[in-house]
Amino acid sequence: MGHEGIGAAVKRKEDERFLAGRGHYVDDMNRPGQAHAHLRRSDRPHARILGIDTAAAAAMPGVVAILTAADFEAAGVGGLPCGWAVKSKDGSPMIEPMHPVLASGKVRHVGDPVAVVIAETRAEARDAAEALVVSYEDLPSAAGVRDALAAGAALVHDEAAGNVCYDWEIGDRALVDGAFAQAARVVRLALTNNRLVPNAMEPRAALGDFDPSSGEYTLITTSQNPHVIRLLMGAFVLHIPEHKLRVIAPDVGGGFGSKIYHYAEEAIVTFAAGRLRRPVKWTADRSESFVSDAHGRDHDTVAEMALDAQGNYLALRVSTIANMGAYLSTFAPSIPTYLYATLLAGVYKTPVIYAEVKAVFTNTVPVDAYRGAGRPEAAYLLERLTDVIAHDTGMDRVELRRRNFIPAGAFPYQTPVALQYDSGNYERTLEVAMKAADWAGFPARRAQAQARGRLRGIGMSTYLEACGIAPSHIAGALGARAGLYEVANIRVHPTGSVTVFTGSHSHGQGHETTFAQIVAEKLGVGIAQVDVVHGDTKEVPFGMGTYGSRSLAVGGSAMVKALDKVIAKGKRIAAHLMEAAVADIEFADGKFTVSGTDKSKTLTDISLAAYIPHNYPIEELEPGLEEIAFYDPKNFTYPGGCHIAEVEIDPETGVVSMVNFVAVDDIGTVINPMIVHGQVHGGVAQGIGQALLEHAQYDQAGQLVSGSFMDYVMPRADDLPAIHVGTESTPCLTNPLGSKGVGEVGAIGSPPAVINAVVDALREYGVRHLDMPASAPKIWSIIRAGQSRAAAE
Amino acid sequence: MPQVSLTVNGKRHTVEVETRTLLVELLREKLGLTGTHVGCDTSQCGACVVHVDGTSVKSCTFLAVQADGASVTTIEGLAAADGTLHPMQAAFREHHALQCGFCTPGMVMSAIDLVNSHKERMSEAEIRHGLEGNLCRCTGYHNIVKAVAAAQEVMHGRAQAAE
Amino acid sequence: MYAFAYQKPATVAEAVKLLSADPEAKALAGGMTYIPVLKQRLARPSAVVDLSGLGLAGIGVSGGVVTIGAMTTHAAVAASAEVRRAIPALAALAGGIGDNEVRHRGTIGGSLANDDPTADYPAAVLALGATLRTDRRTIAADGYFQGMFTTALEPGEIITAVAFPVPEKAGYAKFPNPASRYAMVGVFVARGPQGVRVAVTGAGQGGVFRHTAMEKALEKSWSADALAGVATPAEGLNADLHGSAEYRAHLVGVMARRALAAAG
Ligand code: FES
Ligand code: FES
């Protein structure tokens, strides 16, 4: 059965239902008597709500109820909580304004919900929501961080002076300044990390229900972490105890971070179901998703590197302004701090680093984790800065990287920004990637492109990330308000089939397959014998969910722990049945054997004995074969690698075409290479999207101008190249699987590789840096400016 | 309310709908065929693609009343009665062309029409271009393109289906 | 969508009557633009009059004229052997509108009646000097387009067919909006019975327009070199997050050269 275990590219168990159209996504579900909710959202970025006239709407056909902030306040409903507290430099806590489920007093961004209409049909709810008359007094607004920080800018929240949420720092400033004073050379780069809309293909949806006889609420929601939603919504918002609140996250159509958070709509439908005594469903239109799903990135940064004469990195100084949006989303404060600034060593042995991060409220949709979350921003900064250093100093960009790499022999490696890397080999991934991309052959390809009238460029990034989030004690010390362990429950049934209950949640990752492979490997059963249950707080004991590439490293490790317990118990039963000492029992390939003999029992023999304990050590052992384990990681895991992008630019139009992409990632032990490659493809596609196409843009008036697929450029099949994926493995040393996490590497490593390639293609036009996305008009302007400069000379 | 009579996956239905009901709403809400998805409100994503009288259309941009008399095939109607997958479905599974599965029904329906209308072998670039009406956020399209390339061989009798 | 009445007449006369009797009624052809408009509640028609039952689809070629029925889909035009033979540029244009699913439903008549400033067909109609046939008259292309979403059609008037004189040479090139894939700039060049005509779609604030400076230059010499000195003023061109007016003006030149190259 080994061929189905760890390392096997088995086909996915979940595919059959998805391919047949039998997936069960939230919007596919309906409950008898269900009503439909439609949210009336603010069309202004910042305004005082003077009044909401519901009379006309209430008289519309099918209307069941209209709720405004007052209804929630009267019922004592709390604000949406933030799960991470960050302290400012001076030790003061971050400003944490109330985030009501419906806007109260003021609206603070376009899309801020002001009222909810519940009606018999979706169309009727929308009809009536339009008939609500909301009167506003407009207030000045700011969408960008610079505008929000400007003197005299209108305050998004009265309690946040200057619109600052926190002003945080990491590292030793004096030490860093000292190093800069000694430096042979300083290279400075100002850059932005463009704001993105996650756009999982399934829009968010929520269905609330209430059973008056049991007093139990049910919320079916598009979530990456149902237990977390139960905890946050139950404890902080609706005050429903856990045993009366069931949260189900069924099949979920992609998340990428955007479905981690506890959103207002979840609380609204649950509350309304209780109040109306009937199920209430809400499904977002895509246009709503654009103005209500948390956005990602949006950093404005200045970075400086101090160098010695040979190009060794002496010190890094970084100052970042991060856009939080109008309210603090669940994990928002941690993204530009602990998931970003702690990554600023990257793969380099920079001895001292200082970073300060100012988080700013603006009149925009809240910003939170999006695939990579903080780490793409760090990798982009470092890898752009490295190429700019090469550009400014005339050094070779590969040589510069090699010179500054943390050497393979230096692990465990303590960075100056809190993290300790357990393993890695950056030289090796660099070499493998350069070979796969035929880096050496590039000049010839460039010359050929030139002959065709095209500008060709190549670029790389040697990135590192930290995932497998996270050791609870470290997270707690850094301000997390929850633990970040994971839970697994392994139930071996009497006849030897297995059900896994996991706190991880699959929304595309293929856990039903890879988790079954882990069981197959450990217990020697076929994956057809294993079912994975996830996404239901009533079935799964507990869990923290899926984000930060943690399912395998943390959730998988919890499974290993539980499986080890199962095996340990099995050995005791086997010892009893075969009248041997427990220490003499070996377990392999699904068989318990008395070592040195041919006496053995199968897993099924043992499970049967466990459930039919006629001949059983009943005095010392409970019947049954089921174990639960909580696993708290000892450390983050540190995937890293090298991505190489090759582009061609049409100088007449400025259009950039991706002609080749190579990703070689060290992700430790691979459970299923087919799935791993798929994860990298998807991540790289999102990274290329960020680098070339995507940008959530607000105009001066505070409107999201790229607010639909008509204007927000989603990567399509013909925007992307075939993606060459390679994996290398220096196993993670801190978890039992040796796996490092693969979900985000693609989105982290690729953007700087692409921009480095674009800048390389444009080298004859005197470009040092350009901000993402490298859109055609931007490139065209650069080419035109370069041409007129050349003409003037 | 107007009545619409149509054949869906070989079965005749007569349903009452509002004139403003979309075909996708008829399929999902009236007939319970929730395999066809809705991913946008601007006719850009292709999650809703079904076949009407043999050609691929966006069922979100199609009034239910316009489907009166039509024959509709959805993702639920592709596999054989014994469960044997359509060669396109089989190729998607074989090549790991789906992750979250949300874009998959529309992607498969589009891809089948694309292959049906190209008897000659499509290049990778042609396949990519041919799928421009379908968005996928998970796969980066890499494996979808591979799956379509493989399925076209089977559908046009140049190769055997994947298991 | 707001609620509306739905009618599916069987004859053109009946359709005209329905539309004329009710100024709030609106004709529905392929619906590829209009249904999204309805879904976004940007229109509130009292009735939708479905033109698909009028028998207006079909393609014919005779006497140096390609006639395309108003309800002919983009896919049908793109695939038509006759169109490909007579005016390959027109078939290519149709094959590049939207995506496969849009081409299966979208129609030439619908596109022209709607006159979206970023649609492709208006460029072909104007550059080829086509004639629009309606239920009551024929309208020359030059008099038809009257600014974006505005045409010479009278209330209740229905396009029944479009007649394209076969040109000697014709070519079309477009630069798609990277998100919507509509034309940011599309240029159709043609040389035929009506001389050289160049039409630009996507770029102009007033919808499709003829580029007379290019026409003059190409009249003198049908070559890319002839276009080298022809400037396109940025004034009057669209500007948005996908590009400035200057960028669009530049693209008009690039697309014109590419259209010319395609025309041969
Ligand atoms: S749902 Fe997006 S195109 Fe139909
Ligand atoms: S598989 Fe998730 S969107 Fe395509």
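Since the structure is predicted, the reported quantities are computational estimates derived from the model, not experimental observations.
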Residues A:Tyr25 and B:Phe102: closest non-hydrogen pair is OH-N, 3.4 Å
Name the option with the most non-hydrogen atom pairs under 4.5 Å to chain A; the candidates are B:Gly101, B:Pro105, B:Gly35.
B:Gly101
Pairwise side-chain contact, B:Arg28 with A:Asp27, heavy-atom cut-off 4.5 Å (strictly under)
yes
Of the listed B:His95, B:His129, B:Glu25, B:Glu18, the one with the largest count of heavy-atom pairs under 4.5 Å with chain A is B:His129
Is B:Lys119 atom NZ crowded by more than 12 heavy atoms from other residues, nucleotides or ligands, each under 6.0 Å away?
yes
Against chain B, work out which of A:Asp719, A:Val680, A:Ile688, A:Ile675 has the most heavy-atom pairs shorter than 4.5 Å and name it.
A:Ile675
Taking every non-hydrogen pair under 4.5 Å, which of A:Gly746, A:Gly254, A:Ala20 racks up the most with chain B?
A:Ala20
Checking A:Ser287 against chain B: side chain, backbone, both or neither under 4.5 Å from a heavy atom?
both
Which bit of B:His37 is near chain A, if near means a heavy-atom gap under 4.5 Å: side chain, backbone, both or neither?
side chain
Can you say whether the rings of B:His142 and A:His681 are parallel (under 30°), tilted (30 to 60°) or perpendicular (over 60°)?
parallel
Would you say that A:Glu202 contacts B:Cys100 through its side chain, given a criterion of any heavy-atom pair below 4.5 Å between the two side chains?
no
Of the options B:His86, B:Met88, B:Arg93, which is the one that meets A:Leu19 in a side chain to side chain contact (heavy atoms under 4.5 Å, CB included)?
B:Arg93
Considering non-hydrogen atoms only, spot the tightest contact between B:Gly140 and A:Ala685 and give its length.
CA-CB, 3.4 Å
Going by heavy atoms in the side chains, are A:Gln679 and B:Gln99 under 4.5 Å from each other?
yes
For residues A:Pro198 and B:Arg137, report the shortest heavy-atom separation together with the two atoms involved.
O-NE, 2.8 Å
Please identify which of these residues, B:Thr104, B:Leu85, B:Leu98, meets the side chain to side chain contact (heavy atoms under 4.5 Å, CB included) condition with A:Asp15.
B:Leu98
I need the A:Phe290 CZ to B:Thr42 OG1 distance, nearest 0.5 Å.
7.5 Å
Under a 4.5 Å heavy-atom cut-off, does chain B meet the side chain of A:Phe709, its backbone, both or neither?
both
Below 4.5 Å from any heavy atom of chain A, which atoms of B:Glu124 appear? Answer side chain, backbone, both or neither.
side chain
Side chains of B:Leu135 and A:Arg716: does their closest heavy-atom pair fall under 4.5 Å?
yes
Can you tell if the side chain of A:Arg286 reaches within under 4.5 Å of the side chain of B:Val38, non-hydrogen atoms only?
no
At a heavy-atom distance under 4.5 Å, which candidate from A:Ala284, A:Pro721, A:Ala9, A:Gly255 has the highest pair count against chain B?
A:Pro721
Main-chain N/O of A:Arg22 paired to B:Glu76 side chain as donor or acceptor, under 3.5 Å:
no
Can you tell me which portion of B:Leu78 sits under 4.5 Å from chain A's heavy atoms? Options are side chain, backbone, both or neither.
neither
Heavy atoms of B:Tyr141 and A:Pro715 approach each other most closely as OH-O, 2.7 Å
Atom OG1 in B:Thr139, atom NE2 in A:His677: separation rounded to 0.5 Å?
15.0 Å
Minimum heavy-atom separation for B:Arg128 to A:Leu720, with atom names?
NH1-O, 3.1 Å
Output yes when a side-chain donor or acceptor of A:Asp718 lies under 3.5 Å from a complementary backbone atom of B:Ala125, and no otherwise.
no
